[in-house]
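Step one of this worksheet: look at the structure below.
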Amino acid sequence: MGLAVIRVVPRDNALVPVGMGAFLRVASAARPPSNAFALKPSLSDADSKSLEGSPMKSLSGAQIRNLYKQFFAERGHLVFPSASLVPRDDPTLLWINAGMAPLKPYFDGREIPEKPRIVSSQKCIRTNDIENVGHTARHQTFFEMLGNFSFGDYFKQDAIAWAWDFLTRYLEFSPERLSVTVHVEDDEAYELWNKNVGLPSERIFRGTEDNFWEIGEGPCGPCSEIFYDRGEEYGCGSETCQPGCDCDRFLEVWNLVFTQYNKEPDGSYTPLPKRNIDTGMGLERVASILQDVPNNFETDLFRPLMDETSRLCGVPYPESSSDASHHTSKAADFKIIADHIRTVTFAIGDGVLPGNEGRSYIIRRLLRRAVRSGKRLGIEKPFLHGLVPIVDEIMGEDYPDIREKREFIMRVVRLEEERFHETLSEGEALLMRVLEGLTETGQSLSGEDAFRLYDTYGFPIDITEEIAAEQGVTVDREAFERELDAQRERARNARQTAEGMNALRGALENLTTKSQFVGYHDFEAQSVVTALVRDGVEVQELKAGEEGELLLDKTPFYAQSGGQIADRGTLSGDGVTVLVEDVSKAPHGQNLHHVRIESGVLLRGQHVLAKVDKSLRQDTTKNHTATHLLHKALREVLGTHVAQAGSLVEPERLRFDFSHFGPVHDDELREVERRVNEAIWRDDVVEIFETDLDKAKALGAMALFGEKYGNRVRVVKAGDYSIELCGGCHVTSTGQIGMFCITAETGIGSGVRRIEAVTGKGAYLYVKEREALLAEAASQLKTNPAELPARISRLQEEMQKQRSELESATARLHKNRAGELVRDVQDVGGIPVLSASLKDLSAPEMRNLVDQLKVLLPPSIIVLASATSDKVAWVVSVAPELQKRGLHAGELVKRLAPMTGGKGGGRADMAQAGGNDVGGISKAVAEVPRLVKEAAADA
RNA sequence: GGGGGAUUAGCUCAGCGGGAGAGCACCGCGCUGGCAGCGCGGGGGUCAGGGGUUCAAAUCCCCUAUCCUCCA
């Protein structure tokens with residue numbers, strides 16, 4: 001235990017701020033007092049700890065998480081709940097991979113945050129270094145990032161002071177063990193660490209690329225990393241070992257990014273008018289230090305998972321040692337399982353189901369890797385689903401999504417585990433078949449074959465090698481890797497890279513005048529034009545024919561949001577008419593009207609009558625309320641795993657995307673449709689009110705993942721049936737929707753289904769159209785719609801009967817005809833040859849006839865030609881006995897077909913051909929004996 | 001987002017340009033003391049759907065749907 005020995009200086013507890021008391025009461029009230037860890041950094045506590053020889057207090061992961069949030073909440077930060085792992089409105093990201101990722105709109109100026117200071121504990125997924133997981137102390141695919149953020153508010157000084165304060169006095173890190181890096185040119189940060197904090201200069205290192213944070217164009221800046229020295233025994237022993245070294249000695253616990261520049265397209269850096277702070281601290285790392293364990297996996301955030309795995313496989317977790325081989329032993333499999341099940345649990349909790357593309361595929365792959373680790377530990381049956389409740393016990397308190405969906409997540413994991421076991425046994429059978437051929441010749445398994453097994457059948461390469469080795473066969477691993485690389489290259493080339501953020505600037509960002517939305521109740525308003533923008537520049541007027549954007553002091557126009565599309569309508573005023581074509585949200589939240597001036601000139605400050613197209617709006621509200629009813633009905637019928645994955649509400653129709661495995665069956669679809677219509681028939685009152693988020697959640701309101709809500713939320717409640725948070729426009733009672741019809745159900749990606757539906761007038765038109773179709777079909781069959789199914793079955797029966805009658809009739813006919821044809825057999829040099837020209841027989845019919853003839857004739861050659869109005873068909877048969885004499889049906893037909901303008905071919909015993917020159921048949925048929933004679937002579 | 005594959009009888013699958021097949025299951029007849037009993041006969045198919053190429057498509061090409069699988 002090097003830590004205890006090196007410990008130098010006791011903490012000065014007198015420095016603990018006075019405000020701590022109030023904060024601590026909050027913190028401890030949030031957690032049961034029976035908790036083993038004391039939050040309070042009191043003197044006595046510290047002393048008792050120090051007597052035990054630990055320099056710090058030991059805190060659970062949950063305690064660190066909450067302590068961090070509370071610390072910054074006390075310093076004016078808004079506590080931001082962890083966003084969904086699935087990025088919202090950000091196609092450049094596969095997963096939320098950093099604490100700042102969900103806040104990108106605030107960083108680039110698209111949106112203005114409610115408060116300029118934010119603190120969060122953000123769940124993140126990173127799979128770039130997936131191969132390292134389990135083999136190092138700290139690589140993980142799922143982790144929690146603690147971060148504090150400033151948007152144009154505090155900057156370096158506070159960020160650095162608070163970071164130091166939190167680490168040394170709240171987490172009680174020994175200051176002697178901390179060192180930092182700053183950017184070579186960032187003297188400001190250096191001074192702050194050196195002078196304000198008092199960090200000696202030998203523990204401030206200056207770096208270059210590692211200390212500058214940028215992604216392509218956009219906001220960027222220098223950063224300062226804080227390292228914790230775990231002691232020499234964790235080090236690589238190298239003389240140059242210092243913060244930033246790859247080994248485990250100096251652990252980077254916190255990165256403070258000072259966003260102060262904007263990288264321009266030409267590569268230059270210009271200072272940002274609003275500077276930001278973006279910090280990130282890895283929760284698991286900090287926990288490993290505080291809990292004095294050698295790697296992240298032995299903290300309380302993972303350990304119960306590994307203990308349960310150990311119980312299941314009956315293998316003890318190899319207790320850690322400083323021996324580097326620890327990471328390559330069985331311990332790695334325990335760690336892989338613990339890591340991957342956390343990722344999978346949280347991802348499924350956020351609506352990502354295992355599948356074959358995108359995020360879904362990553363989840364599938366992680367799950368399979370975990371299954372294989374389990375196999376290496378001797379677990380042969382599905383077990384991962386049993387770890388889900390443990391993930392919930394560890395983190396469900398702070399991440400309610402996984403607690404609520406626990407049963408569902410277990411079900412999904414279990415199904416996927418079972419499916420993989422199936423894949424494995426199928427692949428094994430396939431591999432054995434391939435190997436059979438190889439063991440005899442002593443060849444090795446080609447890389448192509450190994451890759452095919454891997455790529456097409458999902459059979460892991462290491463298992464292929466293992467089984468092949470058992471059969472004494474080696475695998476061409478090099479060729480396999482080449483194939484894999486080629487595949488990677490293909491995928492990479494297909495990917496269009498669009499990363500980074502773009503700092504949005506211009507007139508829109510400076511539009512701060514308020515605008516009131518009155519459209520929930522009014523379709524019209526007397527308004528004043530408060531701002532005009534053309535081509536991103538504020539202007540005083542817009543003339544006829546021009547397009548631009550404008551703000552109104554109050555507006556009845558709804559801006560596109562929450563799936564509901566924007567209103568359209570007009571503005572009219574003194575000599576001016578304006579078309580409102582679209583409405584969006586400006587950075588400061590006002591409704592921004594995209595307009596075209598129809599006639600006249602629109603001036604800033606002008607009074608206008610703003611008028612929404614009422615008919616379109618009313619159709620839209622019907623579809624919107626119906627969308628809520630549909631959401632609820634889907635959850636009732638299919639299960640609560642159904643989560644909205646997208647929504648479009650237009651006047652004409654609605655579209656609703658949601659997570660669900662597999663197609664929705666017809667009967668389920670009918671049930672969903674019926675339940676929505678029942679809600680319409682009940683004519684429930686739709687209540688809309690504002691309340692605070694907690695109250696709304698207590699009422700059971702559905703909120704969307706990744707959606708940001710302020711403290712005041714708007715609740716839309718349709719009777720006792722549906723209750724959702726929503727800012728959209730709705731009918732006042734469900735009866736107004738009139739009718740609800742589902743028009744389509746399709747899949748739009750793995751685990752995501754789409755339902756399209758119509759209501760009101762749209763539903764009426766839809767039903768009428770269907771009705772007309774039915775009437776048309778009925779009239780064609782000379783019946784009425786009610787009798788249609790019976791009529792169709794009768795027709796089918798009749799057809800079946802006629803078909804078999806026809807068959808037996810033609811069979812009789814063939815028999816007769818065969819009897820007649822037999823008489824035409826000629827003897828060609830001792831070979832019986834029958835060649836005949838027929839009429840209106842199809843190829844299958846002629847084959848049938850040939851079969852009849854073969855029964856009646858001795859081994860012979862049969863050549864039949866048939867003429868239809870414009871085509872010729874040939875069938876040639878050669879008895880097996882005659883094939884030995886060099887006669888070949890395929891060759892024969894190749895000679896004959898050209899004489900009727902066609903071609904053909906086939907096997908030695910049976911061949912077919914076609915043609916289009918009906919006139920040539922008789923001559924060709926007459927040629928048969930000569931051709932046979934020739935062929936027989938050649939042989 | 002980009003690849004590789006699958007879809008054929010109730011089930012498991014073969015066939016991969018030229019007569020739609022096997023095993024199991026099912027029905028009938030006969031044999032048979034047990035193990036998945038045996039033999040003979042039979043019914044059952046829009047070869048996923050749609051378009052194309054070809055004299056000819058289950059088979060080759062394109063599109064759609066569903067599923068499996070790999071890569072980012």
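Chain naming here is simple, since letters A, B, ... match the order of the sequence lines and numbering starts at 1 in each. If you're wondering where the values come from, they're calculated on a predicted model, not measured in any experiment.
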Worksheet item: With a 4.0 Å cut-off, would you call A/Glu416 and A/Arg368 a salt bridge?
Response: yes
Practice prompt. Identify which nucleotide among B/rU69, B/rU66, B/rC70 has an atom closest to any side-chain atom of A/Gln487, counting heavy atoms from C-beta outward.
Written response: B/rC70
Worksheet entry | Rounded distance (Å) that lies between atom C1' of B/rC55 and atom CE of A/Met910 | 14 Å
Worksheet item: If you measure from the C1' atom in B/rA58 to the same atom in B/rU7, how many Å do you get, rounded?
Response: 11 Å
Worksheet item: CD1 of A/Ile362 versus C1' of B/rA72: gap in Å, rounded?
Response: 8 Å
Fill in: Spacing of the P atoms in B/rG51 and B/rU59 (rounded, Å)
13 Å
Worksheet item: For B/rC55, does either OP1 or OP2 sit under 4.0 Å from a side-chain N or O belonging to A/Lys894?
Response: no
Worksheet, complete the sentence: In whole angstroms, the gap separating P of B/rG3 from CG of A/Leu484 amounts to 17 Å
Practice prompt. Look through every strand shown and name the nucleotide pairing with B/rG23 as Watson-Crick or G-U wobble, where both distances are under 3.5 Å.
Written response: B/rC11
Item to complete: Would you mind reading off the distance between A/Asp449 atom CG and B/rG4 atom C1', rounded to a whole angstrom?
Response: 14 Å
Fill in: Nucleotide of B/rA20, B/rG4, B/rA72 approaching A/Asp455 most closely (side-chain heavy atoms)
B/rG4
Discussion item. If I compare all heavy atoms of A/Leu384 with all of A/Ile341, which pair ends up nearest, and what's the gap?
Written reply: O-CD1, 3.6 Å
Discussion item. Within the 4.0 Å heavy-atom criterion, would you say A/Phe459 contacts the bases, only the backbone, or no part of the nucleic acid?
Written reply: nothing
Item to complete: Answer yes or no: does a side-chain N or O of A/Arg365 lie under 4.0 Å from OP1 or OP2 of B/rC71?
Response: yes
Worksheet item: Which one, B/rG18, B/rA72, B/rG4, comes nearest to the side chain of A/Tyr361?
Response: B/rA72
Item to complete: For B/rA72 and B/rA57, measure between their C1' atoms and round to the nearest Å.
Response: 37 Å
Practice prompt. Decide side-chain contact (heavy atoms from CB on, under 4.5 Å) for A/Val833 and A/Val825; before the verdict, give the C-alpha distance in whole Å, the side-chain angles of both, and the deciding distance to 0.1 Å.
Written response: CA-CA 6 Å; A/Val833 174; A/Val825 174; 6.0 Å; no
Discussion item. Under 4.0 Å, counting only non-hydrogen atoms across every strand here, what does A/Gly458 touch: a base, just sugar-phosphate, or nothing?
Written reply: sugar-phosphate
Worksheet item: When the distance from CG of A/Asp485 to P of B/rA72 is rounded to whole Å, what number comes out?
Response: 10 Å
Worksheet item: Can you check the A/Leu367 CG to B/rU69 P distance for me, whole Å?
Response: 11 Å
Response to the item:
A/Tyr457 has its side chain closest, among B/rU69, B/rG2, B/rG5, to B/rG5
Worksheet item: Is the shortest side-chain N to carboxylate O distance from A/Glu934 to A/Arg930 below 4.0 Å?
Response: yes
Discussion item. Counting only Watson-Crick pairs (N1-N3 plus N6-O4 or O6-N4) and G-U wobbles (N1-O2, O6-N3), all under 3.5 Å, who is the partner of B/rC31?
Written reply: B/rG37
Worksheet item: Expressed in whole Å, how much space separates the P atoms belonging to B/rC55 and B/rU12?
Response: 38 Å
Worksheet item: Mapping A/Arg907 and A/Ala913 onto RNA chain B by nearest heavy atom, which one lands closer to the 5' end?
Response: A/Arg907
Discussion item. Mind checking if A/Ala897 touches a base, just sugar-phosphate, or nothing, with heavy atoms under 4.0 Å?
Written reply: nothing
Worksheet item: Rounded to the Å, how far apart are A/Leu353 CG and B/rC67 C1'?
Response: 16 Å
Fill in: Identified pairing partner of B/rA6, criterion: Watson-Crick or G-U wobble below 3.5 Å
B/rU66
Worksheet item: Closest nucleotide of RNA chain B for A/Gly914 versus for A/Thr456: which of these residues is on the 5' side?
Response: A/Thr456
Worksheet entry | Same-atom distance (C1') from B/rG17 to B/rU54, integer angstrom | 9 Å
Worksheet item: For the pair made of CD in A/Glu448 and P in B/rG4, what is the distance, rounded to whole Å?
Response: 16 Å
Worksheet item: Looking for any heavy atom pair under 4.0 Å, which part of the strands does A/Arg488 touch: base, sugar-phosphate only, or nothing?
Response: sugar-phosphate
Item to complete: Name the orientation class of the two ring planes belonging to A/Phe658 and A/Phe656 (parallel below 30°, tilted from 30 to 60°, perpendicular beyond 60°).
Response: parallel
Discussion item. In the structure I gave you, are the side-chain heavy atoms of A/Ile96 and A/Val86 within less than 4.5 Å of one another anywhere?
Written reply: no
Practice prompt. In whole angstrom, give me the gap between the C1' atoms of B/rA9 and B/rC26.
Written response: 11 Å
Fill in: Pairing partner (Watson-Crick or G-U wobble, both distances under 3.5 angstrom) of B/rC47
none
Item to complete: For A/Arg452, report the nucleic acid contact type (base, sugar-phosphate, nothing); a contact means any heavy atom under 4.0 Å.
Response: nothing
Worksheet item: Can you name the nearest heavy-atom pair linking A/Ala347 to A/Ile125, along with the distance?
Response: CB-CD1, 4.4 Å
Worksheet entry | Side chain of A/Lys903 (C-beta onward), nearest among B/rA72, B/rC70, B/rU54 | B/rU54
Practice prompt. State the pairing partner of B/rG1; accept Watson-Crick or G-U wobble contacts with both distances under 3.5 Å, and report none otherwise.
Written response: B/rC71
Discussion item. Between B/rA56 and B/rC13, how many Å separate the two C1' atoms, rounded to a whole number?
Written reply: 27 Å
Discussion item. Roughly how many Å apart are B/rG43 and B/rC29, using the C1' atom of each and rounding to a whole number?
Written reply: 15 Å
Worksheet item: So, does A/Thr743 use its side chain to make a donor-acceptor pair with the main chain of A/Glu756 at under 3.5 Å?
Response: yes
